[in-house]
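See below for the structure under consideration.
Read the numbers this way: they start at 1 and go in the same order the structure lists the ligands and their atoms.
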Amino acid sequence: MKPGVFKRKGYLGLAISILLIGIGGFLYLNNLLFQQELSRQLFVNEKQYNSIAELNILQLKAIKDKRGYQIRQTTELLGSYNRYKKESIAVSRRIAFQFQNDSLKQKADSVLLLVKERYDNLDLQIQYLGSLPPELAGKKISENLPVSEKISALWEEKFAQLQTQLQLRSIRIAEKGERLARWNNFSFILLLGVTVSLLAWSFISIKKQDALMQQHDSTMRINTAVRASEKVFSAAFEYASIGMALVSPEGVFMRVNSSLCKLLGYSAKELKALSFQDITHPDDLNTDLDYVKQMLQGAIENYSMEKRYFHKNGQVIWINLSVSMVHDTAGKPKYFISQIENITDWKNTQSALEESEVKYRSLFENSLHGKILHDHSGQLLDVNEAALQLFGYSFDELKSMHFEALLDPADNRIISLLNLRNTADKVQGEITGKRKSGERFPLLYSSIVFTDKTGASLISSTVVDLSRQKETEKLLEQKNEELESFAYTAAHDLKEPLRMISSFMGLLKSKYGGQLDEAANKYVDFAITGSSRMNQLITDLLDYAMVGSDQAPYIEIDPAALLLDIISMNDSYVSAKSATINWASLPVIRGQKTPIQLLFQNLVINGLKYQPVGGIPVIKISGQELEDYWMFSVEDNGIGIPEEYHQKIFQVFSRLHSKDKYAGTGMGLATCKKIVELHGGKIWVVSKEGEGSCFYFTIRKNPIA
Ligand code: ADP
């Protein structure tokens, strides 16, 4: 009901109350006047009654005086009689006036007439007494007695009648007044009761209306707020980026948003014809139903779980489900609010992560190298079996240790390692390790900073025991030194007899050449050429052997200056070939000077040598800067190299031509390769047969000295 109704009723009640009060007031006044009228009537009646009674008394007194006069005949008595008669006449007049418009006028008139007749009769008797002698007067009076008695009796009767009538009338008026007073009291009380009730009702109605208005206002406010919040909820529901649904206690989709439809591939209408049980993966259904049961029983207020739905196309979708319950005002379950988030990608990533974790854990566990996981403070978090073996601790012992405890504190490199570990992403190097037994050993480490899945920055270190390698290296070094010294000695010792053979053969030819026949001269030439080739071979071998054995310092080298030296040392050869050798500005590099010179020399000489018959060599040398290297190229316009030999030519003693066509030992490019690798670089050739060759090589900018 609208609160205004109460107000209208209240005011209507108030108006009726006022009307009733008015009517009541009017009736009251009216009644008061009527009461007054009754009182007046009663008063008049009383007065009439009293006048009649007074007249009666006056008559009786007059009769008594007449009787006295009859006996004593004194003037006082006659005077008293006349006085009473006079008064009686006055009272009679008054009575006649009082009964002027009265219903009893006739009766009163007859009484008054009788009064007059009676006085007339009395006057006659007095006249007899005054004028006649007492006996005659007595006689006359006696004769008049029946008339007199008749008048008296009639008067008595009429008087009594009138008096009775007046008394009755007085009683009636009094009764009427009493009845009226009772009715008046009753109606007044009734009216008062009704008015008071109406007034009270009106006030209550108005008050109630005010309260209702307030209630109505607050209800309106609440309704507006509810409508607003419903709007917000609807918007939030409809446009939520995650799937949302209102689900009946039985599991039927009552309302779904577009994100959920998109997620599951159904239209809203199709989904509303389904229950969550229809699209839930059978392996997840019981868990979900169990939660639903607990919620319906009130054991839990909400729940979340990861579960699988089936897409309309049958595909499995992983979702994260959060459910809460809405109850009606009676506290009965109304519907579930479900929030559904697609976590398929995350799940796939997680399972890929788990797979990769298993993979990497197996790599970690089975690695032959020690693997140590620790934080930036050095606290060890995990170690593999190889690390336990390496340092001689049990897992439980190592678990509570710091990485530093596994290193020799006397090794100065420990400080830079610890500093680096906290500033660089990756640190590698060699350091002295310390086993549980106290034994020190060379340790190769490689530490990488990474962030684990919780976001913590950790360090993974790989450690390798270099003891055996170091021993082998030392042994190898010794052997190399021995070999080099042997090669050097052998080459030197071999060159000595060769020089003797060559010089004595030369002497033989110059002194006794004329005495020898042609064949002998030829043999001598063979011996000279052979020894010369042998000499060259030994020189080349010596060059090859010496590369890397020399502890010469790494210095800045200007390749252009080297090339000028090379050209000047081979001036006659260059001139004989009419060769052109040119280069643009070449970068200055760091390296061992003698090997680098040998490198450029071998490549330039090859370019001059491997030319077609009559070919005029044009050699171009260029250099350029790469990120970590310098790269050079030596290009010629010679005979070129078939592609299948591009690798082979860098092997020792590998030659593509006979010594008669192109002299050589097959050691030049092998030596170049060794020199380039010594300087941390690579060498390769780009060439086609008959189209010249271009040899490329790189030199590290910061060679490991
Ligand atoms: P050598 O020149 O003493 O024979 P190298 O090791 O310098 O030995 O060269 C190996 C082989 O590579 C040579 O025999 C030759 O066949 C081929 N070769 C080297 N440089 C060139 C070049 N610039 N043009 C064509 N072929 C070449």
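For atom 26 (N) of ligand 1, the nearest non-hydrogen atom of the protein is I641 CG1, 3.4 Å. Taking atom 3 (O) of ligand 1 as the reference point, the nearest protein heavy-atom neighbour is T665 N, 2.9 Å. If you check which protein heavy atom lies closest to atom 7 (O) of ligand 1, you get N606 ND2, 2.9 Å. Of the protein's non-hydrogen atoms, Y610 CD1, 3.2 Å is the one closest to atom 21 (C) of ligand 1.
A salt bridge does not link K470 with E477: none of the charged nitrogens is closer than 4.0 Å to a carboxylate oxygen. Using a 4.0 Å cut-off between a side-chain N of Lys or Arg and a carboxylate O of Asp or Glu, E677 and K673 qualify as a salt bridge.
Checking T671 against D543 by side-chain atom types alone, no donor-acceptor pair falls below 3.5 Å. Looking at D396 and S394, their side chains never bring a donor and an acceptor atom within 3.5 Å of each other. Judged purely by distance below 3.5 Å, without hydrogens or angles, the side chains of E482 and Q478 never pair a donor atom with an acceptor atom. No hydrogens or angles considered: a donor-acceptor pair under 3.5 Å links the side chains of T462 and K371.
Contact annotation for S654 and ligand 1: only backbone heavy atoms (N, CA, C, O) come within less than 4.0 Å of the ligand. In D636, the part holding a heavy atom less than 4.0 Å from any atom of ligand 1 is the side chain.
Nearest approach of C694 to S633, heavy atoms of both residues: SG-CB, 3.8 Å.
Each of W630, F632, F650 was evaluated against F697; a single residue qualifies, F632, per the ring-ring contact (aromatic ring centres under 6.0 Å, His included) test. D382 pairs with exactly one of H374, K399, R361 by the side chain to side chain donor-acceptor pair (under 3.5 Å) rule, that one being R361.
Taking a cut-off of under 4.0 Å to the non-hydrogen atoms of S693, the atoms of ligand 1 that pass are 24 (N). The distance from ligand 1 to the heavy atoms of K609 drops below 4.0 Å at these ligand atoms: 1 (P), 2 (O), 3 (O). Ligand-side atoms of ligand 1 in range of L656: 14 (O), 16 (O), range being under 4.0 angstrom from any heavy atom. Atoms of ligand 1 lying under 4.0 Å from at least one heavy atom of I639, given by number and element, are 25 (C). Listed by atom number, the atoms of ligand 1 under 4.0 Å from I649 heavy atoms are 12 (O). Near H657, with a cut-off below 4.0 Å to any heavy atom, the atoms of ligand 1 are 15 (C), 16 (O). Of all the atoms in ligand 1, the ones that sit under 4.0 Å from a non-hydrogen atom of G640 are 25 (C).
Residue G666 has at least one N or O atom closer than 3.5 Å to an N or O atom of ligand 1. Considering backbone and side-chain atoms together, R655 places an N or O closer than 3.5 Å to an N or O of ligand 1. At least one N or O atom of L669, backbone or side chain, sits closer than 3.5 Å to an N or O atom of ligand 1.
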Practice problem: Take K701 and Y629 through the side chain to side chain contact (heavy atoms under 4.5 Å, CB included) test and state the conclusion after the steps. | Solution: CA-CA 5 Å; K701 281 182 179 173; Y629 297 90; 5.6 Å; no
